[in-house]
Amino acid sequence: MAEFPIEAVRGKFPALSLTDDGRRRIYLDNPAGTQVPQAVADAVSRCLLTTNANLGGFFETTVAAQKVVDAAHAAMADFLNAPSVEEIVIGANMTTLTYHMSRTLGRTMKPGDEIIVTRMDHEGNVSPWLQLAEDLGLVVRFLPFDEWSWQVEEAALKGLLSERTRLVALNYASNLTGSINQVKALTAAAKQAGALVYVDAVQFAPHGLVDVQALGCDFLICSAYKFFGPHMGILWGRRDVIDALQPYKCRCSSNVLPERFELGTPQIELMAGLTAAIDYFADLGAATGESGSRRQRIAKAFEVSIAYENRLARQLIEGLSSIEGLVIHGIIDPERLAERVPTVSFTVEGIAPETIVRQMNAENIFVWSGHNYAWEVVHQLGIPAEQGVVRIGIAHYNTAAEIEETLESVHRVIAMLRQQRS
């Protein structure tokens, strides 16, 4: 396998070289949003400066703007392995798109129909379905995750499915525990019961190759700003499913796919940045030895970045595990690193997560505390929602030296806080 070119990668991200009063920054807030390559910022700027027009006209800038929009849909089709660009819906963000799609799907449901949501999901893939159920008189069934495997188990899902199940909403990877679900198997079980499957891949997409055709689901959603792109969400919908749906939209707007699901004027400049983010992955694949199609180059990029991120995750987990009283909420077995993304959350007995994070932030180590919208996760685990966890999230531009410095900080901060308590 090709060696991961970490120095070349870091050179593409201007933010990584920023300092504050001479102090370096360590970006480990990546599950909430990554930094962007220079090429993404350049693409957004270039679009605003040279192709800034609305769509549908015949003059140069509007024609050029349409090409930007078309290119973004084509790039995302390659990124997700979608059969058609018509299956790619681009919008404001994951939550907004999910609310819109939930209301559209609600037109096909009736009182007494059932929806399954998991206790592993981000709230953006829970609340839209709960509120739809409240509006329409649907039945909601909650699917817990297994606290040994840290995954949603197929047997548990099968125990909830019935002839009334219309939709199963589940996530690919948890934004708190980092665990990756066996989405293909879960989807197969749901489809056998006749249910649609809606997959939140926001946390998985930065760390693993998505293949919607192989998964067999009906919808899959992700967020570009989690994988080095601009702030926008992308929804893939299976053609035969979305073509039959009637979305809420303006009467005079287009009825073709995917435009009828993309409300209002698109974020054209951000779509330019989206294409640049996908091409960043393709360029990384090329730099590590793949010369095939864009999809093949993207696949190679993930092959090398997953191996690199797993090394950093192992380093982080091993270092945290040596701290007495610290509990990692997620998979820690080094033999199961392939079953998690490199997002690691922990709590420390007797110390509020925010107290730890404030001290680390003061050292210019950027990490998060709180429930991070993993509302059902913290409640299943019995973690006080008002406190949550400390969350450290690795991206493939981080380094082993940064992880080591972060571990030193965690050790130092916890020791200091314990001393203050005694």
Side-chain angles (χ1 to χ4, degrees), residues 1-6 9 30-31 34 37 72-85 87-88 94 151 170-175 178-188 197-229 233-238 274-313 331 336-343 393-398:
M1 182 185 296
E3 186 67 25
F4 190 75
I6 182 59
V9 164
N30 301 298
T34 53
H73 287 80
M76 279 308 305
D78 285 345
F79 190 70
L80 301 178
N81 199 29
S84 169
V85 295
E87 298 176 326
I88 301 295
M94 175 271 180
Q151 296 164 322
L170 57 92
N171 63 350
Y172 212 143
S174 169
N175 74 320
S179 306
I180 297 172
N181 278 322
Q182 302 302 315
V183 173
K184 185 175 181 178
L186 295 170
T187 294
V197 179
Y198 192 99
V199 177
D200 172 5
V202 169
Q203 291 299 318
F204 181 81
H207 306 291
L209 183 68
V210 177
D211 186 342
V212 293
Q213 295 186 65
L215 291 175
C217 56
D218 301 287
F219 302 92
L220 183 139
I221 195 161
C222 56
S223 299
Y225 69 100
K226 310 286 187 172
F227 55 79
F228 317 118
I234 304 95
L235 172 72
W236 169 82
R238 184 179 301 283
L274 174 60
T275 301
I278 303 306
D279 285 339
Y280 161 77
F281 281 96
D283 290 345
L284 176 56
T288 51
E290 178 57 60
S291 59
S293 68
R294 178 160 60 182
R295 174 67 182 180
Q296 290 172 317
R297 286 177 281 137
I298 292 168
K300 181 64 174 181
F302 277 109
E303 179 188 338
V304 295
S305 65
I306 289 168
Y308 177 76
E309 288 179 349
N310 282 350
R311 291 198 295 274
L312 298 185
I331 295 168
R336 296 184 63 205
L337 286 179
E339 298 175 64
R340 61 140 51 243
V341 297
T343 296
I394 294 167
H396 70 228
Y397 50 54
N398 292 122

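Hydrogens, waters and symmetry mates are skipped; everything else that's a heavy atom, side chains included, is used. Owing to the predicted nature of the structure, the values given are computational and were not obtained by experimental measurement. For reference, positions follow the sequence shown, starting with 1.
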Answer yes or no: is there a side-chain heavy-atom contact under 4.5 Å between [X] and [Y]?
X: Ile234; Y: Ile88; answer: yes
X: Tyr198; Y: Ile221; answer: yes
X: Asn175; Y: Val202; answer: no
X: Ile6; Y: Tyr308; answer: yes
X: Phe204; Y: Val199; answer: no
X: Gln203; Y: Pro31; answer: yes
X: Ile180; Y: Tyr172; answer: yes
X: Leu284; Y: Pro5; answer: yes

Nearest-0.5 Å distance, [atom1] of residue [X] to [atom2] of residue [Y]:
X: His73; Y: Glu87; atom1: NE2; atom2: CD; value: 12.0 Å
X: Gln182; Y: Thr187; atom1: CD; atom2: OG1; value: 11.0 Å
X: Arg297; Y: Glu290; atom1: CZ; atom2: CD; value: 8.0 Å

What pairs with [X] under side chain to side chain contact (heavy atoms under 4.5 Å, CB included), at least two apart in sequence or on another chain?
X: Ala277; answer: Val40
X: Ser305; answer: Phe4, Phe302, His396
X: Ala299; answer: Leu209
X: Ala188; answer: none

Is a donor on one side and an acceptor on the other found under 3.5 Å between the side chain of [X] and the backbone of [Y]?
X: Thr34; Y: Asn30; result: no
X: Glu303; Y: Lys300; result: no
X: Asn81; Y: Val212; result: no
X: Thr343; Y: Gly178; result: no
X: Arg238; Y: Gly216; result: yes
X: Thr275; Y: Ala72; result: yes
X: Asn398; Y: Ala395; result: yes
X: Asp211; Y: Ala214; result: yes

**OP:** Kindly indicate, with the supporting measurements, whether the criterion side chain to side chain contact (heavy atoms under 4.5 Å, CB included) is fulfilled by Glu309 and Val341.
**Re:** CA-CA 8 Å; Glu309 288 179 349; Val341 297; over 6 Å; no

Minimum heavy-atom distance between [X] and [Y], given as atom pair plus value:
X: Ala77; Y: Val85; answer: CB-CG1, 4.2 Å
X: His207; Y: Ile394; answer: CE1-O, 3.2 Å
X: Ile306; Y: Gly208; answer: CD1-CA, 4.1 Å
X: Ala301; Y: Val304; answer: O-CG2, 3.3 Å
X: Asp218; Y: Val197; answer: OD2-N, 2.9 Å

Original post:
Is there a side chain to side chain contact (heavy atoms under 4.5 Å, CB included) between Phe227 and Phe281 once you walk through the steps?
Top reply: CA-CA 9 Å; Phe227 55 79; Phe281 281 96; 4.1 Å; yes

**OP:** Start with the C-alpha gap between Trp236 and Cys222, add the side-chain angles, then the distance that decides, and say whether side chain to side chain contact (heavy atoms under 4.5 Å, CB included) holds.
**Re:** CA-CA 9 Å; Trp236 169 82; Cys222 56; over 6 Å; no

**OP:** Check step by step if side chain to side chain contact (heavy atoms under 4.5 Å, CB included) holds for Phe79 and Ile298.
**Re:** CA-CA 7 Å; Phe79 190 70; Ile298 292 168; 4.1 Å; yes

Original post:
Partners of Lys226 by salt bridge (charged side-chain N to carboxylate O under 4.0 Å, His left out), sequence neighbours excluded?
Top reply: none

Subject >> Results of salt bridge (charged side-chain N to carboxylate O under 4.0 Å, His left out) for Glu339 - residues two or more places apart only >> reply: Arg336

Subject >> Asp78 and Arg295 ion-paired at < 4.0 Å >> reply: no

Original post:
Mind checking whether Tyr397 and Phe228 have ring centres under 6.0 Å apart?
Top reply: yes

